[in-house]
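Down below is the structure, laid out as structure tokens.
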Amino acid sequence: QLQLVESGGGLVQPGGSLRLSCAASGSTLDYYAIGWFRTAPGKEREGVSCMRTSGSTTNYADSVKGRFTISRDNAKNTVYLQMNSLKPEDTAVYYCAAVILPPFRPCTFDLPYGYWGRGTQVTVSS
């Protein structure tokens, strides 16, 4: 069974960068959609970015476009979220999630993601 483990969170000043990792085990990530989500205190969970692992099409929330980049390292069976120009409003627990995606369907945040990691805390503060 697919298992996901996030890492790379921490405390960073506004304008700084972090790279989150989502390491997968139990299965390769071929033919999955991988999503990054976040939950901020007092707010509902929101989708941040996602990608198809076959074809590598990507999707981003408007709030992070141009600042965040999702990518995949096949050899390491890991998906990354590079976060640049971080803002205090990016503070949240970040989760990666996965769902098997039929061919030709783009990744979206409302897919039935059934595999979730435990999350990693990102705090943007001076």
### Query
Are Leu4 and Ile70 connected, step by step, through hydrophobic side chains (Ile, Leu, Val, Met, Phe, Trp, Tyr) whose heavy atoms are closer than 4.5 Å?
yes

### Task
Could you check if a side-chain atom of Thr39 sits within less than 4.5 angstrom of a side-chain atom of Tyr94, using non-hydrogen atoms only?
no

### Query
Roughly how far, to the nearest 0.5 Å, is CD1 of Ile34 from SG of Cys50?
10.0 Å

### Any side-chain heavy-atom pair of Tyr80 and Thr78 under 4.5 Å
yes

### N-O pairing of Glu46 and Arg38 below 4.0 Å
yes

### Query
Taking C-beta and beyond as the side chain, do Val122 and Thr91 meet within less than 4.5 Å on heavy atoms?
no

### Query
If you round to the nearest 0.5 Å, how far is OG of Ser49 from CH2 of Trp36?
10.0 Å

### Message
Is any side-chain heavy atom of Leu81 closer than 4.5 Å to one of Val48?
### Response
yes

### Task
Take the angle between the ring planes of Tyr113 and Phe37 and call it parallel below 30°, perpendicular above 60°, tilted in between.
perpendicular

### Query
Say you draw a straight line from CG of Leu2 to OH of Tyr115; how long is it, rounded to the nearest 0.5 Å?
6.5 Å

### Query
Given Met51 and Asn59, is the side-chain contact (heavy atoms from CB on, under 4.5 Å) satisfied, shown in steps?
CA-CA 6 Å; Met51 71 180 301; Asn59 192 9; over 6 Å; no

### Query
Taking C-beta and beyond as the side chain, do Thr120 and Ser7 meet within less than 4.5 Å on heavy atoms?
no

### Task
Determine the interplanar angle of the Tyr95 and Trp116 rings, folded into 0 to 90°, and report it as parallel if under 30°, tilted if 30 to 60°, perpendicular if over 60°.
perpendicular

### Query
Do Met83 and Asp90 come within less than 4.5 Å of each other through their side chains, counting heavy atoms only?
no

### Spatial distance of atom CZ (Arg105) from atom CD1 (Ile100) [nearest 0.5 Å]
13.0 Å

Taking distance alone, no hydrogens or angles, what donor-acceptor pairs closer than 3.5 Å link side-chain atoms of residues 9-32 to residues at least two apart or in another chain?
| unit_1 | atom_1 | unit_2 | atom_2 | d |
| --- | --- | --- | --- | --- |
| Ser17 | OG | Asn84 | OD1 | 2.9 |
| Asp30 | OD1 | Arg72 | NH2 | 2.9 |

### Which atom of Gly119 lies closest to which atom of Val93, heavy atoms considered
CA-CG1, 3.9 Å

### Query
Does the pair Arg67 and Tyr60 meet the rule for a side-chain contact (heavy atoms from CB on, under 4.5 Å), with working shown?
CA-CA 10 Å; Arg67 300 189 299 123; Tyr60 296 93; over 6 Å; no

### Query
Between CG of Leu86 and OG of Ser125, what distance do you get to the nearest 0.5 Å?
12.0 Å

